[in-house]
Amino acid sequence: MKSIITDDLEHCYLCGVSGYLEEHHCMHGTANRKQAEKYGLKVPLCPDCHRNSPNAVHKNKTTDLYIKKIAQLEFENKYSYELWMQVFKKNYR
């Protein structure tokens, strides 16, 4: 996995647990998933933080928004706000 958000691919980005981790594309949907892949907007998540628990990124809007905000900030640090808006067309900050 290539990520501009974290260098630590051995621990869950949200809770820090190690072991079995799943790749989460911070921006989802068909077009956005491809762009997330292209720009490295991915983080490792344990199954609970990814999809199983009530606070999982795929079940909880607050958690999802938190990850999207971080993705946007990291993208802007590496590229620019203008490119973010060109590619993703929505401001999450």
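Because the structure is predicted, anything quoted here is derived from the model rather than measured.
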Ring pair (Phe, Tyr, Trp, His ring centres under 6.0 Å) partners of Tyr79, counting only residues at least two apart: Tyr39, Phe75
Side-chain cluster (under 4.5 Å, hydrophobic types only) that Met1 belongs to, other residues: Leu9
Pairs where [range] contributes a residue and the test salt bridge (Lys or Arg N to Asp or Glu O under 4.0 Å) is met, not counting sequence neighbours:
| range | value |
| --- | --- |
| residues 79-92 | none |
| residues 1-12 | none |
| residues 52-61 | none |

Partners meeting salt bridge (charged side-chain N to carboxylate O under 4.0 Å, His left out) with Arg51 (sequence neighbours left out): Glu22
For the student: nearest non-hydrogen atoms of Ser3 and Lys42, plus distance: OG-O, 2.6 Å
Side chain to side chain contact (heavy atoms under 4.5 Å, CB included) partners for Leu21, two or more places apart: Cys12, Pro44, Cys46
Test side chain to side chain contact (heavy atoms under 4.5 Å, CB included) applied to Lys69 - qualifying residues, sequence neighbours left out: Leu65, Tyr92
Going by atom type alone, with no hydrogens or angles, which donor-acceptor pairs under 3.5 Å involve a side-chain atom of residues 26-33 and a protein atom two or more places apart or on another chain?
residue: His28; atom: NE2; partner: Asp64; partner atom: OD1; Å: 2.9
residue: Arg33; atom: NH1; partner: His25; partner atom: ND1; Å: 3.3

Close side-chain approach of Asn77 to Ile4, heavy-atom, < 4.5 Å: no
Heavy-atom check, side chain of Tyr13 versus side chain of Val57, under 4.5 Å: no
[atom1]/[X] to [atom2]/[Y] distance, rounded to the nearest 0.5 angstrom?
| X | Y | atom1 | atom2 | result |
| --- | --- | --- | --- | --- |
| Lys78 | Trp84 | NZ | CH2 | 14.5 Å |
| Ile70 | Leu14 | CD1 | CG | 7.5 Å |
| Leu73 | Tyr81 | CG | OH | 11.5 Å |
| Leu41 | His24 | CG | NE2 | 10.0 Å |

Non-neighbouring partners of Thr63 that pass side-chain hydrogen bond (donor to acceptor under 3.5 Å, both in side chains), sequence neighbours left out: Asn60
Gln72: side-chain hydrogen bond (donor to acceptor under 3.5 Å, both in side chains) partners, not counting sequence neighbours: Glu76, Asn91
Leu83-Ile5 co-clustered via ILVMFWY side chain contacts under 4.5 Å: yes
